[in-house]
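One structure is given below, represented as structure tokens, and several questions about it will come after.
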2 protein chains.
Amino acid sequence: MNQEPRTSRVSENTEPPSRGPQLSEQVAQRLSDAIQAGEWSRGARLPTEAALGERFGISRSVVREAISMLRNGGLVTSRRGSGSFVAEAPTVSLRLAIPDPDLQSVVEVLELRRPLEVEAARLAAERRTPSQLRRIRNAMADIDEAVEAGLSGVDQDLAFHRAIAEAANNSHFTAVLDFYNRFLHQAIRVTRTNESLRDTFMQQVVAEHQAILDAIATGDAEAAARAAATHLEHAETRLRQAPTDLLERVEAQRGPASVSSTESTGGNSR
Amino acid sequence: MNQEPRTSRVSENTEPPSRGPQLSEQVAQRLSDAIQAGEWSRGARLPTEAALGERFGISRSVVREAISMLRNGGLVTSRRGSGSFVAEAPTVSLRLAIPDPDLQSVVEVLELRRPLEVEAARLAAERRTPSQLRRIRNAMADIDEAVEAGLSGVDQDLAFHRAIAEAANNSHFTAVLDFYNRFLHQAIRVTRTNESLRDTFMQQVVAEHQAILDAIATGDAEAAARAAATHLEHAETRLRQAPTDLLERVEAQRGPASVSSTESTGGNSR
DNA sequence: TTTAACATCTTGTCTGACAAATTCGGAGCA
DNA sequence: TGCTCCGAATTTGTCAGACAAGATGTTAAA
């Protein structure tokens with residue numbers, strides 16, 4: 001019947017939905033534009049799905065898909081029985097593709113992380129609470145424990161660094177570092193698995209961690225920053241010393257259907 | 001008839017969908033878990049929507065909503081007539097709420113930006129190409145021009161800093177700084193509009209910018225880092241000196257329908 | 001072998017219905 | 001009057017079935 005609403009229906013607001021990309025995408029874009037143009041202010045209720053469907057000359061399904069996109073984008077929230085509302089605090093999002101990790105992209109990420117971790121260590125030395133200091137100590141002990149148990153200790157290593165970031169008492173540091181951790185997780189796993197076979201490397205790592213911890217414990221901000229900088233420079237060096245191993249492992253993972261031993265998806269975070 | 005699939009239907013894979021959050025959310029989560037557990041490898045085609053609906057004991061609508069979420073999350077892509085596929089390079093995303101900016105949250109963001117901008121300046125001094133250097137120079141000239149024209153110069157100021165980040169030749173720096181720029185845009189606008197009325201402030205800013213530019217031009221990495229650090233510390237000082245003004249302006253903006261001119265939903269591409 | 005038409009499959013959109021939760025107004029009562 | 005409680009109306013969430021639009025693979029023809 002109205003399989004051709006684009007010709008028969010007169011939408012009171014805009015031209016008929018043109019052929020092109022996804023219809024629901026167009027609608028989502030137009031809604032987004034309308035919201036950001038201030039047609040509805042923060043926290044205000046949007047028209048009902050039925051009303052929006054009539055306004056744009058489309059079915060409720062498409063309206064729902066469009067609103068679903070905006071909801072995923074953090075621009076609106078919906079409450080069953082009540083309606084959909086413009087979000088009180090719209091969000092921006094930063095996205096990072098996770099390709100098959102190559103040395104180059106890992107190095108670039110580390111380059112960004114270094115100043116962040118250094119600053120986090122500095123702030124942690126100034127601001128850490130006693131309980132946060134305890135947590136850092138425990139995390140460091142966990143690394144030893146894991147390594148002695150024959151594990152790679154990667155998760156524990158990341159937890160150590162995360163505990164420091166938390167002690168900086170600025171949530172943006174943990175947020176950004178967590179964000180890039182998801183990228184680094186796999187690469188670090190490969191490298192450290194390799195490292196863990198070499199005792200000298202592990203001894204270095206332990207000593208460097210200890211230096212950071214000591215500086216944070218005594219509240220020496222500059223020493224903490226220096227120790228962190230040293231640690232991260234050495235980490236990059238260690239990474240570069242095993243490039244062939246890294247690439248081989250990555251290569252090997254691409255072939256088969258990737259049984260992907262990670263299985264840590266829900267592991268450390270959830 | 002089967003309005004009660006949660007009791008009558010035996011899903012071959014999991015327990016019946018429990019009462020709780022959104023059904024489509026649960027399904028999206030389980031699909032996401034399955035993908036990251038390697039059930040389908042990168043680029044592989046997912047089961048059809050009908051098949052997934054049967055597997056989870058839900059209707060196609062819910063499957064579609066769930067897949068829509070994953071699509072928005074960059075985890076899958078869909079092609080009409082062909083199917084839905086696991087993304088070749090899955091993405092992780094970092095999200096940041098943009099509330100009514102208060103001094104505290106602005107300071108926290110600046111605290112994170114500082115080490116990043118300092119490092120970017122250092123890298124820019126080492127790596128900038130001649131054309132990148134030209135672009136930084138032009139951006140700096142644009143600030144003067146805008147200020148003399150009576151504008152706030154905020155956009156040009158951000159462009160200057162962005163040009164430096166670009167000259168670091170590491171895309172992660174521009175990505176993260178752009179990300180937080182969207183948060184700071186409004187706050188900076190308010191503050192600088194205020195600053196621009198005070199010539200002393202503008203003279204300071206110009207001098208500090210000049211110092212950064214000179215260091216980058218001569219390739220002195222440490223001097224560039226120092227100059228950037230100084231600039232950002234002073235910027236924070238200037239910000240703190242006008243807290244009452246900032247808060248008043250923010251307060252005033254909450255009333256009307258808040259014509260926010262920035263940012264788009266799915267990104268800057270469309 | 002190459003090309004063109006066809007059958008089939010899959011996602012996108014439309015329609016209609018009911019379930020579940022919220023909102024609002026009025027009945028009843030103190 | 002002011003308050004509580006209950007039911008009707010409203011609105012999003014889910015279900016079901018259908019067709020449109022595009023992709024894929026097969027078959028028939030040249």
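We name chains A, B, ... by the order of the sequence lines, and we start the count at 1 in each one. No hydrogens, no waters, no symmetry mates; every other heavy atom, side chains included, goes into these values.
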Side chain of A/T48 (C-beta onward), nearest among C/dG12, D/dT11, D/dC15:
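Closest nucleotide among those given: D/dT11.
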Between CZ of B/R79 and C1' of D/dG22 the distance, given in whole Å, is 12 Å
Whole-Å distance, B/I67 CD1 to C/dG12 C1', equals 12 Å
Check your understanding: Between A/R71 (CZ) and D/dT11 (C1'), how many Å, whole number?
Key ->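 The answer, rounded to whole Å, is 13 Å.
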Assert: residue with more 5' nearest nucleotide on DNA chain D, out of B/V62 and B/R45, is B/V62
Stepwise side chain to side chain contact (heavy atoms under 4.5 Å, CB included) check, B/V76 with B/L31: CA-CA 10 Å; B/V76 309; B/L31 276 177; over 6 Å; no
Just checking, is any N or O donor in the side chain of A/E25 or A/Q29 under 3.5 Å from an acceptor N or O on the other one?
-> no
By nearest-nucleotide position on DNA chain C, the 5'-leaning member of A/S61 and A/S82 is A/S61
**Request:** Apply side chain to side chain contact (heavy atoms under 4.5 Å, CB included) to the pair B/H161 and B/N181, showing each step before the final yes or no.
**Result:** CA-CA 10 Å; B/H161 286 274; B/N181 270 347; over 6 Å; no
Taken to the nearest whole Å, CZ/A/F56 to P/C/dG12 is 20 Å
A/L52 atom CG is separated from C/dC14 atom P, nearest whole Å, by 14 Å
Separation of C/dC18 atom P from A/E49 atom CD, nearest Å, is 18 Å
Residue-phosphate contact under 4.0 Å: B/R64 side-chain N/O, C/dG12 OP1/OP2
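Yes.
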| query | Are B/L110 and B/V107 side-chain neighbours, meaning at least one heavy-atom pair lies under 4.5 Å? | reply |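 Sidechains of B/V107 and B/L110: no contact.
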Regarding the side chain of B/R80, the nearest nucleotide among D/dC15, C/dT11, C/dC14 is C/dT11
B/S78 has its side chain closest, among C/dT13, C/dT11, C/dA21, to C/dT11
query = Below 3.5 Å, does any donor atom in the side chain of B/R60 face an acceptor in the base of C/dG12, or the other way round?
reply =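 Between C/dG12 and B/R60, which were checked side chain against base, a qualifying N/O pair under 3.5 Å is present.
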